[in-house]
Structures are given as structure tokens and as C-alpha cells.
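Some notes on the structure that comes next.
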Amino acid sequence: MTTGDPVRATITGPFGSPVAVYENGALRGEKFAPVVIEPEPLLWLLAGIWKDPDPQVRGILGGDALLVWSGPARAEGVLNLAQARFASLRVERDGRTYEASYGETADPWPRKVSIEERSSASRLQLTLQARESLR
């Protein structure tokens, strides 16, 4: 995503009807206030990953580790060590805070994702219905 080309994507429901559209740096839908976020961090949150290098391990409790990044976007994630997957991620960027939580399994995308943008209280809950091959 470093091409500088505009990014546009549509999130659809189980029968193909549009639920939300991402363009011009914002995710918009009829049932929630716009969530303003750059394409890469949004994709990372949807995928349940964080790609900034060199996190610090702040602690381990039971089977979970708290990882913290202090780069341009401050981020912290609770990593389930047995599954090697995030249970949750919180990102502070450009004065906004995004919180994502993940449920069920991932193959490779999480089956359930909930993202909330704190200042507007916008919340998006997604359940993966199907995947299409990019080939």
C-alpha cells in the first residue's frame, strides 16, 4: 500500500449488499459515524496484526502477553501466546484512539472483528462470511 494510489474498498453483508465503504481515508456506513484512518492501519486492525517493528513486551499473565509500540502511532496489543494471535489491539494515531477485539478463530483473517473509534463512539462489528481468492 505504499504506491500512493487511492484506496477504495466495500464491505458487504452476507447477501452482497454494501455495509460500508472505505475511501478518502475514512470508513463510512449508514449505521455508524465515519471512522477516519489511513489504509494500512485499517487493514492491520481488520487482519488482527500490527506491523510496526520492535514492540516492547510489558508483561505476561497466564497465556497472554502485552506488547507495546511507541512509534508514530502508539499501539498496544494483548497477544494470546498459544494461538500466536491478538485478542485485542488499541491504537492511538492523530488524536484518535481505535480499539479492536477479535473473536473465534483466524484462517488467516479473524472470523469476528469489533473496532471502535473512541472520540465518536463509532463501532463496527464484522463477521467473516467468505473469502475470495486474489488469483
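What's counted below: heavy atoms across the whole structure, side chains too, no hydrogens, waters or symmetry copies.
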Working for side-chain contact (heavy atoms from CB on, under 4.5 Å), residues Ile37 and Leu45 | CA-CA 10 Å; Ile37 187 169; Leu45 285 173; 3.8 Å; yes
Tested for side-chain contact (heavy atoms from CB on, under 4.5 Å) against Tyr22, the lone hit among Thr10, Leu43, Leu46, Leu42 is Leu42
In terms of hydrophobic clustering (I, L, V, M, F, W, Y; side-chain heavy atoms under 4.5 Å; direct or indirect links), are Val68 and Val91 co-clustered?
-> no
If Ile, Leu, Val, Met, Phe, Trp and Tyr residues are connected whenever their side-chain heavy atoms lie under 4.5 Å apart, and connections chain through other members, are Trp44 and Leu126 in the same group?
-> yes
Verify the cluster assignment for Trp69 and Ile49: are they in a single hydrophobic cluster under the rule of side-chain heavy atoms below 4.5 Å apart?
-> yes
What are the two closest heavy atoms between Gly16 and Thr12, and how far apart are they?
-> O-CG2, 3.7 Å
Hits for side chain to side chain donor-acceptor pair (under 3.5 Å) against Asp52, two or more places apart or cross-chain, chain-then-number order -> Trp50
Heavy-atom side-chain proximity of Leu66 to Glu76 below 4.5 angstrom | yes
When rounded to the nearest 0.5 Å, the distance separating CG of Leu67 from CZ of Arg58 is 10.5 Å
If you measure from CD on Glu116 to OG on Ser114, what distance do you get to the nearest 0.5 Å?
-> 7.0 Å
Minimal non-hydrogen separation, Leu89 against Gly77, with atom names | CD2-CA, 3.8 Å
Among the clusters formed by ILVMFWY side chains lying less than 4.5 Å apart, do Val7 and Leu27 turn up in the same one?
-> yes
Which atom of Gly48 lies closest to which atom of Pro110, heavy atoms considered = N-CG, 4.2 Å
Looking only at side chains, do Ser119 and Glu117 share a donor and an acceptor under 3.5 Å apart?
-> yes
Decide side-chain contact (heavy atoms from CB on, under 4.5 Å) for Val21 and Arg28; before the verdict, give the C-alpha distance in whole Å, the side-chain angles of both, and the deciding distance to 0.1 Å.
-> CA-CA 5 Å; Val21 174; Arg28 292 177 174 81; 5.6 Å; no
Is there a salt bridge (charged side-chain N to carboxylate O under 4.0 Å, His left out) between Glu38 and Arg93 once you walk through the steps?
-> CA-CA 10 Å; Glu38 296 84 14; Arg93 188 178 187 107; 2.8 Å; yes
Rounded to the nearest 0.5 Å, what's the gap from OG1 on Thr97 to CD on Glu92? Could you check?
-> 4.5 Å
What donor-acceptor contacts under 3.5 angstrom involve side-chain atoms of residues 79-87, with partners at least two apart or in another chain?
unit_1 : atom_1 : unit_2 : atom_2 : d
Asn80  : OD1    : Ala82  : N      : 3.1
Asn80  : OD1    : Gln83  : N      : 2.8
Arg85  : NH1    : Pro108 : O      : 3.4
Arg85  : NH2    : Ala47  : O      : 3.1
Arg85  : NH2    : Pro108 : O      : 3.2

